[in-house]
2 protein chains.
Amino acid sequence: MKEAGGRPNIAAVAAAAGVSVTTVSHVLSGRKPVSARTKAKVEAVIEELGYRPNPSARSLRTARSESIALIVPDLTNPFYPLVAAGLQDVLMSSGYLLSVTDAALPSRALPEVVRHVLARRVDGIVLATYGATDNDIDKIRKSGTKLVRLGGRFRAEFGDIVRADDASGVHDVVSHLIDRGYQRIAFLNGEPHAHPSQIRLEGYERALREADRPILPDLIHSGTFTRAGGAEGARALLSRSPRPDALVCGNDLIAVGALDVTRQLGLSVPGDVAITGYDDIEAASLITPALTTVLNPAREIGRTCARLLLDRLAGEYDDTAREIVLAHRLIVRDSS
Amino acid sequence: MKEAGGRPNIAAVAAAAGVSVTTVSHVLSGRKPVSARTKAKVEAVIEELGYRPNPSARSLRTARSESIALIVPDLTNPFYPLVAAGLQDVLMSSGYLLSVTDAALPSRALPEVVRHVLARRVDGIVLATYGATDNDIDKIRKSGTKLVRLGGRFRAEFGDIVRADDASGVHDVVSHLIDRGYQRIAFLNGEPHAHPSQIRLEGYERALREADRPILPDLIHSGTFTRAGGAEGARALLSRSPRPDALVCGNDLIAVGALDVTRQLGLSVPGDVAITGYDDIEAASLITPALTTVLNPAREIGRTCARLLLDRLAGEYDDTAREIVLAHRLIVRDSS
DNA sequence: CTGAAAGCGCTTACAG
DNA sequence: CTGAAAGCGCTTACAG
């Protein structure tokens with residue numbers, strides 16, 4: 001009735017309490033009436049034996065794993081650990097386990113990561129990677145696993161989305177630069193086909209249009225959402241002539257790379273050229289000059305994702321897809 | 001034989017292939033001889049049906065969950081996401097799932113987190129938090145869960161350890177400051193009872209002793225391993241008179257907080273006071289002045305932890321505890 | 001090389 | 001309010 005010298009199982013508890021395993025299970029779940037006396041007795045035995053239900057057995061029966069997977073493009077980007085922390089904030093108290101997978105490493109293609117995670121039969125997935133294709137999303141949806149995405153195109157068949165209003169965020173940065181009198185405002189973006197890139201580009205173009213400024217393809221550069229990508233792009237843009245007097249960067253990492261280049265080139269920021277970021281990672285306030293950027297509420301995004309997932313898992317919401325847009329905030333510092 | 005409209009189980013595969021479930025299982029595990037012809041047939045059916053073994057059923061039978069938990073004190077400290085990425089580097093290819101839990105939040109006490117993780121019956125735990133008590137460690141060890149710690153006192157009963165040589169790291173920083181002619185070198189530490197604090201303090205004291213310098217309790221301050229802790233400690237230390245001319249900080253976050261304070265106080269770094277960090281997080285090279293620090297090989301630490309765990313889980317190593325010390329490297333930048 | 005059968009530890013109709 | 005029994009989907013001696 002008890003694993004040899006190991007952990008007690010539900011039968012051991014039942015035996016010690018003089019009841020059936022059914023009754024112990026009812027006490028555990030609280031879903032069926034149990035007399036106060038029996039309940040107390042069972043709980044005492046559970047405490048005494050240090051009994052914990054075996055999660056595999058439970059999962060096998062209920063077809064629920066009580067775990068959620070977060071898939072991120074790059075753990076090295078501090079935005080994503082914050083999202084993870086936000087998920088934990090709400091997940092932990094519900095007993096869910098959070099697994100985190102970095103899909104960025106060479107040889108770790110997203111479809112493979114998705115397969116890996118689905119094979120583990122997690123109950124829900126938070127897909128935080130802009131590299132996801134319709135195919136990846138389709139595979140998750142067809143498996144029946146609940147899905148929340150961090151951004152991406154909103155479509156009923158693709159499930160819930162939580163995102164910040166990136167287009168407006170970039171719009172606000174560009175308007176701010178226009179207000180300050182910058183004339184040749186360039187845009188240094190991340191992966192060109194990634195959805196956040198496209199949406200941030202929209203914000204850039206909208207702000208220029210509103211100010212009756214021309215949109216010059218020559219002043220738009222796409223690369224990757226990394227420091228290296230920023231450096232490379234900044235070198236390209238700053239060699240245009242006439243030189244841009246402001247670089248609006250797709251995220252803070254890109255801006256950091258751009259700052260590296262201005263330093264190498266001996267350009268003063270914001271004197272010769274203004275530089276702005278996006279996300280407001282901690283480094284944004286640490287570097288010199290401190291970076292003008294847009295606060296992307298990573299932790300709150302994580303919390304919201306968890307809530308949406310739990311809603312659906314608990315069956316409290318089972319309707320059409322929802323898109324939740326969280327407010328951004330322009331943060332003006334010294335680089336503009 | 002098949003879940004209604006759902007995923008195929010091993011019986012469905014067996015039926016479609018015209019063999020027994022035992023044989024399918026043997027093909028899956030590769031641990032028993034199966035004829036080439038049968039094997040090919042079974043594999044074809046698996047492919048066709050898109051069969052994936054149910055991990056809960058497998059775990060229930062084998063008493064193995066194929067998952068590893070990482071417990072960190074603060075996901076916001078970029079050191080830990082890097083450790084997580086290193087773990088993934090080696091874990092993913094072995095089919096293990098990595099869960100990450102932040103034990104730092106208010107109301108998320110470590111004993112509770114440990115209980116939560118043990119209740120999930122993970123196969124191994126990487127305990128990356130300096131807040132662990134002997135009691136926490138004991139509980140993990142007694143549960144039979146494999147454990148690797150990131151630092152801490154090395155004791156046979158407490159299992160494997162992977163760490164950088166922190167004492168030597170701080171020693172090297174202090175020696176470097178002495179070489180540069182700094183006279184009143186203060187130490188701004190993290191949580192006083194945490195093991196990394198103690199060991200880093202040792203390095204500080206050893207370097208002073210070697211240089212025949214006095215160790216002045218007045219110049220040693222303990223707080224927390226955070227930016228806020230650094231600010232508070234720097235305010236205290238910089239108000240001593242005579243004022244210290246160098247602040248050796250227990251980690252980079254503390255150093256960042258100290259830099260905040262020097263800026264407020266109008267002190268020049270390294271002119272009035274040198275400041276050094278520990279870890280070499282990305283921000284260390286971004287801030288101004290760029291931080292002199294010690295490279296703590298986080299990602300490699302993560303990889304090494306994973307290897308030790310897998311060794312033990314595979315039964316390839318089942319002997320006394322091992323302590324693996326990875327080399328650090330002094331990185332001199334502009335703050336000293 | 002192949003298969004019948006037991007059993008891992010739960011939950012959940014179902015019966016009383 | 002309580003319990004006997006089936007069954008979730010695997011793996012693993014054991015027998016042949």
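Sequence lines set the chain letters: A, B, ... in the order given, protein chains first and strands last, and positions in each chain run from 1.
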Phosphate oxygens OP1/OP2 of C:dT2: is one of them under 4.0 Å from a side-chain N or O of B:Thr23? no

Please tell me if B:Arg31 has a side-chain N or O lying less than 4.0 Å from either OP1 or OP2 of D:dT12. yes

To the nearest angstrom, how far is B:Tyr51 atom OH from D:dG9 atom P? 10 Å

Rounded to whole Å, how long is the line connecting atom CZ of B:Arg64 with atom P of C:dC8? 19 Å

DNA chain D: 5'-proximal contact among A:Ala36 and B:Thr62 (nearest heavy atom): A:Ala36

Which is true for A:Thr38 with a 4.0 Å heavy-atom rule: it touches a base, it touches only sugar-phosphate, or it touches nothing? sugar-phosphate

If only side-chain N and O atoms of A:Arg52 are considered, is one of them under 4.0 Å from the OP1 or OP2 phosphate oxygen of C:dG9? no

Rounded distance (Å) that lies between atom P of C:dT12 and atom CD1 of A:Ile10: 11 Å

If only atom types and distance count, is the side chain of A:Arg141 paired as donor or acceptor with the main-chain N or O of A:Glu157 below 3.5 Å? yes

To the nearest angstrom, the CG-P distance between A:Leu60 and D:dT11 comes to 12 Å

Heavy atoms only, 4.0 Å cut-off, all strands: where does B:Pro53 land among base, sugar-phosphate and nothing? sugar-phosphate

With respect to the phosphate group of C:dG3, does any side-chain polar atom (N or O) of B:Ser20 fall under 4.0 Å of OP1 or OP2? yes

Just checking, B:Arg322 and B:Tyr317: is the charged tip under 6.0 Å from the six-membered ring centre and within 45° of the axis? yes

Reckon B:Asn54 has a side-chain N or O less than 4.0 Å from the OP1 or OP2 of D:dG9? no

Short question: side chain of B:Asp311, backbone of B:Glu316 - any donor-acceptor pair under 3.5 Å? no

Please compare A:Leu28 and B:Val19 by the position of their nearest nucleotide in DNA chain C and report the one closer to 5'. B:Val19

On DNA chain C, nearest-nucleotide positions of B:Arg61 versus B:Pro33: which is more 5'? B:Pro33

I need the NZ-C1' distance between B:Lys32 and D:dA15, as an integer number of Å. 12 Å

Side-chain donor-acceptor pair present, A:Thr23, A:Ser20, cut-off under 3.5 Å: yes

Under 4.0 Å between a side-chain N or O of A:Ser29 and OP1 or OP2 of C:dT11? no

Give none if D:dA4 has no partner; otherwise give the nucleotide forming a Watson-Crick or G-U wobble pair with it, both distances under 3.5 Å. none

Heavy-atom donor-acceptor pair, A:Thr129 side chain to A:Ala132 backbone, under 3.5 Å: no

Would you tell me if any nitrogen or oxygen in the side chain of B:Ser35 comes within less than 4.0 Å of OP1 or OP2 on C:dT2? yes

Please figure out whether B:Ala57 or B:His26 has its closest DNA chain D nucleotide nearer the 5' end. B:Ala57

